[in-house]
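Following: one structure in structure tokens, then a few remarks.
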Amino acid sequence: MTERLDELTAFLDRTPFARFLGMQCELQDGEMIATLPFQEKFLGNRAINALHGGCTGAFLELTAMAEVFLQSEMQRPAKPINITIDYLRSAKGEDLFASAVVHKLGRRMASVRAEAWQGEDRKKIVTALQAHFLVAEDS
């Protein structure tokens, strides 16, 4: 899985939007954890020090795509079919962490759930994503 993570990191380094976000991925006890390091430009509401919802949503989409890439043998990232994002509480102006679980990986489609949290308490989810991705290489 480490070699696959290196391929994923290389892809993120080549992707302008992932570079803009500064997204990082690492393995912790066999699980991929994505990190969105806080930057002032991500604030959507400065009055309450909250991250912009588009930033957290895009970060979760990339996290889900990264997990599909790691769990499959695809040579390129999966294409989104549909995405549902639940904003459960305000994400504060600090680092955001996320992980994803591929519930089903078929020949043509993958079903994924990703969750983002801040700080040490992973159970205090700030944003959740449910998505389906096209994984067929010929599409």
Side-chain angles (χ1 to χ4, degrees):
M1 175 96 81
T2 306
E3 180 181 319
R4 195 73 169 144
L5 183 64
D6 291 341
E7 291 175 25
L8 173 64
T9 301
F11 165 76
L12 291 174
D13 290 342
R14 289 189 314 267
T15 305
F17 192 64
R19 275 199 329 259
F20 172 78
L21 291 176
M23 180 178 172
Q24 303 164 359
C25 295
E26 63 181 35
L27 287 178
Q28 293 180 6
D29 299 323
E31 176 184 32
M32 190 228 12
I33 302 294
T35 304
L36 178 69
F38 172 70
Q39 298 177 50
E40 286 284 328
K41 65 185 176 184
F42 297 155
L43 288 177
N45 186 335
R46 293 185 187 283
I48 62 170
N49 192 36
L51 295 179
H52 191 283
C55 182
T56 59
F59 171 61
L60 273 182
E61 179 181 355
L62 284 170
T63 300
M65 290 172 70
E67 187 64 32
V68 170
F69 183 80
L70 289 175
Q71 298 299 323
S72 70
E73 295 179 8
M74 297 181 66
Q75 297 305 307
R76 60 182 181 192
K79 298 175 186 174
I81 297 171
N82 71 321
I83 295 173
T84 301
I85 300 172
D86 296 320
Y87 297 96
L88 305 172
R89 58 177 48 94
S90 292
K92 300 298 178 195
E94 57 188 62
D95 291 355
L96 189 63
F97 305 96
S99 65
V101 175
V102 177
H103 290 292
K104 171 137 175 78
L105 180 60
R107 289 180 299 130
R108 299 196 51 78
M109 186 194 93
S111 177
V112 187
R113 177 166 174 86
E115 297 176 342
W117 68 93
Q118 293 182 302
E120 298 295 319
D121 191 358
R122 286 184 69 162
K123 294 182 182 184
K124 273 186 95 170
I125 299 166
V126 295
T127 309
L129 170 142
Q130 182 67 42
H132 296 96
F133 293 94
L134 186 63
V135 296
E137 290 286 345
D138 56 359
S139 298

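This chain uses plain numbering: 1 for the first residue, then up along the sequence.
Across all non-hydrogen atoms, the minimal contact from Ala47 to Asn45 is N-OD1, 3.0 Å. Listed here is the closest heavy atom pair of Arg19 and Leu12: CG-O, 3.9 Å. The minimum heavy-atom distance linking Ile85 with Gly57 is given by the pair CD1-CA, 3.7 Å. Closest non-hydrogen pair, Pro37 versus Phe42, comes out as O-CE1, 3.6 Å. Closest approach of Met23 to Cys25, counting heavy atoms only: CE-SG, 3.8 Å. Trp117 and Lys124 get closest at one heavy-atom pair: CB-O, 3.7 Å.
Leu8 is connected to Phe17 through a chain of hydrophobic side-chain contacts under 4.5 Å among Ile, Leu, Val, Met, Phe, Trp and Tyr, so both are in one cluster. If you chain together hydrophobic residues whose side chains sit under 4.5 Å apart, Leu21 and Ile33 never meet in one group. Residues Leu5 and Leu36 are members of one and the same hydrophobic cluster, defined by side-chain heavy-atom contacts under 4.5 angstrom among Ile, Leu, Val, Met, Phe, Trp and Tyr. Following chains of ILVMFWY side-chain contacts shorter than 4.5 Å, one cannot reach Tyr87 starting from Leu62, and the two form parts of different hydrophobic clusters. Under the 4.5 Å side-chain heavy-atom criterion for grouping Ile, Leu, Val, Met, Phe, Trp and Tyr, Leu105 is connected to Met65 within one hydrophobic cluster.
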| task | Given side-chain contact (heavy atoms from CB on, under 4.5 Å), test Gln118 with Leu51 step by step and report yes or no. | result | CA-CA 11 Å; Gln118 293 182 302; Leu51 295 179; 4.1 Å; yes
| field | Check against side-chain contact (heavy atoms from CB on, under 4.5 Å), Phe59 and Thr127 | value | CA-CA 10 Å; Phe59 171 61; Thr127 309; over 6 Å; no
Exercise answer: donor-acceptor pairs, residues 92-104 side-chain atoms, under 3.5 Å, sequence neighbours excluded:
from  : atom 1 : to     : atom 2 : distance (Å)
Asp95 : OD1    : Phe38  : N      : 2.8
Ser99 : OG     : Arg122 : NH2    : 3.0

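The number of heavy atoms from other shown groups lying within 6.0 Å of CZ (Arg107) does not exceed 12. Residue Glu120 places its CD atom among 12 or fewer non-hydrogen atoms of other residues, nucleotides or ligands, all under 6.0 Å distant.
The backbone N or O of Val112 sits less than 3.5 Å from a side-chain atom of Gln130, completing a donor-acceptor pair. Distance alone, capped at 3.5 Å, places no donor-acceptor pair between the Arg89 side chain and the Val126 backbone.
With no hydrogens or angles considered, no side-chain donor-acceptor pair links Glu26 and Gln24 at under 3.5 Å.
Put simply, CZ on Phe133 and NZ on Lys79 are 13.0 Å apart, with the number rounded to the nearest 0.5 Å. Here CG of Leu88 is found 8.5 Å from CD of Glu115. Values are rounded to the nearest 0.5 Å.
Between Arg4 and Glu73 there is no salt bridge, since none of the side-chain N atoms of the basic residue sits less than 4.0 Å from a carboxylate O of the acidic one.
Note: Phe11 and Phe69 have parallel aromatic rings, judged against thresholds of 30 and 60 degrees for the angle between ring planes.
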